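Data block below; observations after.
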Amino acid sequence: MIGEGIEGTERVLSPGKGRGLRALKEFKVGDLVFACPAYTYVLTANERGGFCEFCFTRQEGLSKCGKCKQAYYCNVDCQKGDWPMHKLECSAMCSYGENWNPSETVRLVARIIVKKKMHPERTESERLLALREFESHLEKLDNEKNEMNQTDIAALRHFYSRHLDFPENAALNELFAGVNCNGFTIEDEELSHLGSAVFPDVALMNHSCSPNVIVTYKGTVAEVRAIQDISPGEEIFNSYIDLLYPTEDRNERLIDSYFFTCDCKECTTKSKDKAKMEIQKTLSTPPKQKEIQKMVKYAKNVIEEFRRAKHYKTPSELLEICELSLEKMGSIFEETNVYMLHMMYQAMGVCLYMQDWDGAMRYGEKIVKPYSVHYPPYSLNVASMYLKLGRLYLGLEKKSLGVKALNKALAIMEVAHGKDHHYVAEVKKEIEEQK
Ligand SMILES: C[S@@+](CC[C@H](N)C(=O)[O-])C[C@H]1O[C@@H](n2cnc3c(N)ncnc32)[C@H](O)[C@@H]1O
Ligand SMILES: [Zn+2]
Ligand SMILES: [Zn+2]
Ligand SMILES: [Zn+2]
C-alpha cells in the first residue's frame, strides 16, 4: 500500500551519499527485495513492432495503431491503456514524418508531464521516494550539460506543443537533470535496449561496484533481487554502470553522469584492476608505464570513435575499426584486457548484425571466460554473453556446447531474474528441446 513503505526495507540518510535504502530483515541470494511498477516508460523507436507499446510483451503478430501505423499492441485493452501516452505522439509522428526525431529522454519527459497531471497524488511507484524529490545536482551542471538540457527542452516544446502544457523553463531544466540522474533503461535478457523508464523507489538505492542487488524487468515492472546475502541494517546497493572497467574509468563515468566518486570495497582495494589491465606476459622486454598509458589513451579514443561511427559507418567499416584496434592493442595487451574485450564485444555485435554467426561465435568464445573473472558473480553481462553464445552454438548445431552455455546463463538468471521469470522459462525450454 502507498504510505506504508516497502516491507523489509526503510529509507535512510546514508552518510556522504544522500538518501538511501536499508534492509530491515535478512535477504538471501535470489530473494526478491521489492518490485516497482514504472511511474512511466517508453518503448525505444527501434523495437517498434516487436513489442507491445503498453505492456512490453514480446510477440509476433501484434496489431498496429490504425492512425499512425507505428505503434503495436497485444489487443484493444493494451491499445486503450496506452492511449493517454500514445496520443502525444500518434498524430505528431504522422504530420512530422521523417522529421519526427525527439530523443528518448524527451519522449520520457513528455510522458512524465502527462502522468503528473493525470495522477497528482503519490503513485504506487513512489512508496519511499517521490519523483518530485529526485536529486538533480542542478547546481553542478556545467555549460555543456546545461546546453544539452536546453536542446532537449527545445525539442520537447517543438514536438509536443499540441498536447502538453509545459512547466516553465527552470522546472523543465530540473526535470531533465533529475531524469538524467535517476532514470533507467530497460533491457531484454541479451541486454538489447528496449526502452527508458522512471522507477522512483528503485532510484532511492545508491551505487556500489560490488552491489548486493540486481535490477531486472518483467514487462514494465522493475524487480530488485539480492545477489549477496544481506543482513538487517545493511544498506542496499545496485550498480549504475558497466562494471567491466578499472576503478579509474568507473569513477570517471560516475562523476560525469552522477556527480560522485565511489568509495566501495572494489574502489578502495582496486583488487580487480590488475587483471582488467593485463599486459602480455610473453614479451621479451615488458612495456614501460608510459607505453601502457599511451595505449590506454588510444583505447579510450577508439572506444569513443567507434561509438560515433556506429551511427554512420557500414558494418564492414565498423569491423575494420575493431580489427585494427585489436591488432594494435594486442601488441602489449593480453586478450583478457578489458579494452581488448570491449572491442571484441563491439565486433561480436557487428557480426550478429551481419548474420556472420561463425564470426560472432569466435568473438563470444574469447569474451565469455574473462568476463566471468572481471564481473561480480551473478552479472547480467555474463549471463547475456552465455545466452548469446549458447544460442549461436545451437544455431550452428553445436548441441552440447550450446546446452552447456545455456545452463551457465540459466544459473545466473535463476538468481537475478528469479526462477519464475518468463526469460528463465524460455531458456529452460531451449535446453529441453535439445534432449
Ligand atoms: C539515483 S540517486 C540515489 C539516491 C540519492 N542518494 C538521493 O538522495 O536521492 C543517485 C545519486 O545518489 C548519490 N549516490 C549514489 N551512490 C553513491 C555513492 N556510492 N557515493 C556517494 N553518492 C552516491 C549521488 O548524488 C547520485 O547522483
Ligand atoms: Zn500488451
Ligand atoms: Zn498511433
Ligand atoms: Zn566503487
Side-chain angles (χ1 to χ4, degrees), residues 14 16-17 20 37-38 40-43 45 47-97 100 102 107 110-111 114 159-160 162-163 186 188 194-195 197 205-214 217-221 227-228 235-273 276 338 374-376 379 422:
S14 173
K17 300 184 174 67
T40 189
Y41 54 89
V42 61
L43 180 73
E47 297 296 343
R48 282 195 192 123
F51 294 80
C52 172
E53 299 261 337
F54 183 61
C55 69
F56 276 39
T57 295
R58 174 173 63 193
Q59 70 183 51
E60 281 165 26
L62 296 166
S63 340
K64 65 181 160 204
C65 169
K67 287 202 187 100
C68 65
K69 305 196 166 40
Q70 300 218 43
Y72 287 73
Y73 299 99
C74 301
N75 50 42
V76 177
D77 288 343
C78 283
Q79 181 166 17
K80 279 195 178 144
D82 197 44
W83 183 244
M85 297 302 169
H86 179 58
K87 77 170 184 210
L88 294 170
E89 302 183 333
C90 185
S91 58
M93 287 195 290
C94 298
S95 46
Y96 283 99
W100 191 85
R107 297 181 66 204
R111 287 163 190 240
V114 170
F159 290 111
Y160 294 86
R162 217 189 289 174
H163 296 281
I186 299 182
D188 71 4
L194 300 186
M205 290 186 289
N206 287 316
H207 163 92
S208 166
C209 308
S210 171
N212 50 16
V213 297
I214 247 176
Y217 303 97
K218 202 173 261 167
T220 63
V221 176
I227 54 164
Q228 295 183 36
E235 182 162 353
I236 302 176
F237 293 103
N238 68 329
S239 167
Y240 296 180
I241 53 164
D242 188 335
L243 296 174
L244 180 65
Y245 305 95
T247 306
E248 194 183 293
D249 295 27
R250 294 197 307 277
N251 279 283
E252 276 172 14
R253 175 71 209 285
L254 289 170
I255 289 179
D256 186 54
S257 302
Y258 302 99
F259 306 94
F260 73 92
T261 314
C262 185
D263 64 355
C264 77
K265 196 176 94 247
E266 274 314 312
C267 285
T268 33
T269 65
K270 302 184 166 63
S271 70
K272 291 187 167 180
D273 282 9
K276 288 180 174 186
V338 294
H374 299 324
Y375 280 108
S379 153
H422 55 278

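As the structure is a prediction and not an experimental result, all values here were calculated from the model. Atoms within each ligand, like the ligands themselves, are counted from 1 in listed order.
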(request) Rounded to the nearest 10 degrees, what's the angle SG of C78 makes with SG of C74 at the Zn ion (ligand 2)? Could you check? (result)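 Taking the Zn ion (ligand 2) as the apex, the two atoms subtend 120°.
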
(message) Rounded to the nearest 10°, what angle sits at the Zn ion (ligand 2) between SG of C52 and SG of C55?
(response)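 The SG/SG angle about the Zn ion (ligand 2) sits at 110°.
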
(request) Round to 10° and report the angle made at the Zn ion (ligand 3) by SG of C90 and SG of C65. (result)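 About 110°, to the nearest ten degrees.
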
(request) For the atoms SG of C68 and NE2 of H86, give the angle they form at the Zn ion (ligand 3), rounded to 10 degrees. (result)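 That angle works out to 100° after rounding to 10°.
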
(message) Please evaluate residues E89 and Y160 with respect to the criterion side chain to side chain donor-acceptor pair (under 3.5 Å), reporting the C-alpha separation (whole Å), side-chain torsions for both, the decisive distance (0.1 Å), and the verdict.
(response) CA-CA 8 Å; E89 302 183 333; Y160 294 86; 2.6 Å; yes

(request) Specify whether an N/O/S atom of C267 falls short of 2.8 Å from the Zn ion (ligand 4). (result)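 Of the N, O and S atoms in C267, at least one lies under 2.8 Å from the Zn ion (ligand 4), which means yes.
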
(request) Measure centre to centre between the rings of F54 and Y73, then say whether the value is under 6.0 Å. (result)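 Between F54 and Y73, the centre distance exceeds or equals 6.0 Å.
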
(message) Report whether any nitrogen, oxygen or sulfur of C94 sits less than 2.8 Å from the Zn ion (ligand 3) (N, O or S, backbone or side chain).
(response)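 Under 2.8 Å: C94 has no N, O or S contact with the Zn ion (ligand 3).
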
(message) Suppose you place the vertex at the Zn ion (ligand 4); what is the angle out to C209 SG and C262 SG, to 10°?
(response)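 Computed angle, vertex at the Zn ion (ligand 4), rounded to 10 degrees: 110°.
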
(request) For C90 and K67, work out which heavy atoms get closest and say how close. (result)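 For C90 versus K67, the nearest heavy atoms are SG-CB, 3.5 Å.
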
(message) Using the rule given for side chain to side chain donor-acceptor pair (under 3.5 Å), can you reason through T261 versus N251, listing the C-alpha separation, both sets of side-chain angles and the distance that settles it, and then say yes or no?
(response) CA-CA 6 Å; T261 314; N251 279 283; 4.9 Å; no

(message) Does this structure show an ion pair linking D263 with K17, if we count only N-O contacts that are shorter than 4.0 Å?
(response)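 Looking at D263 and K17, the cut-off is met.
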
(message) For a quick check under 3.5 Å, do S14 and E235 share a side-chain donor-acceptor pair by atom type?
(response)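 Result is yes, a qualifying pair exists.
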
